[in-house]
Amino acid sequence: MSRAISSGAATVEIPQVPGLAPARPRPSADGPRAEGLRKVVTFGLVGLASTVVHAGLYLLLRAGMAAEAANLFALAATAVVNTEANRRWTFNRGAGRRAVVHARAGLLFLLNFAVTTAAVVVVGAGVRWLEGLALVGASIGVTVIRFTVLDRWVFRSR
């Protein structure tokens with residue numbers, strides 16, 4: 001019987017009994033877990049794109065300026081776009097008080113700048129790819145803090 005069913009030679013019909021429902025209904029894609037997972041995945045994708053652009057700009061700018069300045073300009077170039085992308089896609093916040101949102105995000109910018117600059121200065125060997133690696137590692141380190149602060153404070157629902 002099993003071989004016939006698995007090969008498709010036989011079929012089994014399961015009768016529907018009115019009034020009976022499964023003990024555990026079919027999982028819904030609309031629950032809080034799914035929403036949390038969607039936020040994490042979207043935040044990760046936005047962050048990955050921002051980190052790649054940040055590191056690439058840093059490496060380009062680093063050829064002509066100090067590590068601190070290159071990091072400041074590269075991070076500033078990506079920070080506003082990152083914040084706006086997370087506002088729209090990750091946290092689904094519509095138009096509103098963008099000035100307040102970006103002012104709050106500015107504090108996260110300062111934290112990110114301090115951590116990433118410390119990482120490239122500590123590495124400080126003048127080896128560009130090693131500095132870029134330290135920059136990416138520090139950015140990943142700030143990510144968990146950034147996600148939590150963006151969700152609970154910067155983009156909080158009223």
What is the minimum heavy-atom distance between [X] and [Y], and which atoms define it?
{"X": "A85", "Y": "V46", "value": "CB-CG1, 3.9 Å"}
{"X": "D151", "Y": "K39", "value": "OD1-NZ, 3.0 Å"}
{"X": "I145", "Y": "L111", "value": "CG2-CD2, 3.9 Å"}
{"X": "R104", "Y": "W153", "value": "NH1-O, 2.8 Å"}
{"X": "N82", "Y": "G47", "value": "ND2-CA, 4.2 Å"}
{"X": "V123", "Y": "A134", "value": "CG2-CB, 3.4 Å"}

Worksheet item: Within the side chain of R146, is there an N or O that forms a donor-acceptor pair under 3.5 Å with the backbone of L108?
Response: no
Fill in: Short side-chain to backbone donor-acceptor contact, R38 and R33, under 3.5 Å
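No, because the side chain of R38 does not come within donor-acceptor range (under 3.5 Å) of the backbone of R33.
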Worksheet entry | From CE (M65) to CG (L60), nearest 0.5 Å |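 These two atoms lie 10.5 Å from each other.
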Worksheet item: Quick one: OH on Y58 to OG1 on T51, what's the gap to the nearest 0.5 Å?
Response: 14.5 Å
Is there a path of hydrophobic side-chain contacts, each under 4.5 Å between heavy atoms, that joins [X] and [Y]?
{"X": "L135", "Y": "V53", "answer": "no"}
{"X": "V52", "Y": "V142", "answer": "no"}
{"X": "F155", "Y": "L107", "answer": "yes"}

Which side-chain N or O atoms in residues 69-77 pair as donor and acceptor under 3.5 Å with protein atoms at least two apart or in another chain?
{"unit_1": "N71", "atom_1": "OD1", "unit_2": "H54", "atom_2": "NE2", "d": "2.9"}
{"unit_1": "N71", "atom_1": "ND2", "unit_2": "T116", "atom_2": "OG1", "d": "2.8"}
{"unit_1": "N71", "atom_1": "ND2", "unit_2": "T117", "atom_2": "OG1", "d": "2.7"}

Discussion item. For a 4.5 angstrom cut-off between non-hydrogen side-chain atoms, does R62 reach V120?
Written reply: no
Item to complete: Quick one: sort the F43 and F147 rings into parallel, tilted or perpendicular, breaks at 30° and 60°.
Response: perpendicular
Worksheet item: Among N86, V100, V149, which residue meets the side-chain contact (heavy atoms from CB on, under 4.5 Å) test with V154?
Response: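 With V154 as partner, N86, V100, V149 yield a single side-chain contact (heavy atoms from CB on, under 4.5 Å), made by V149.
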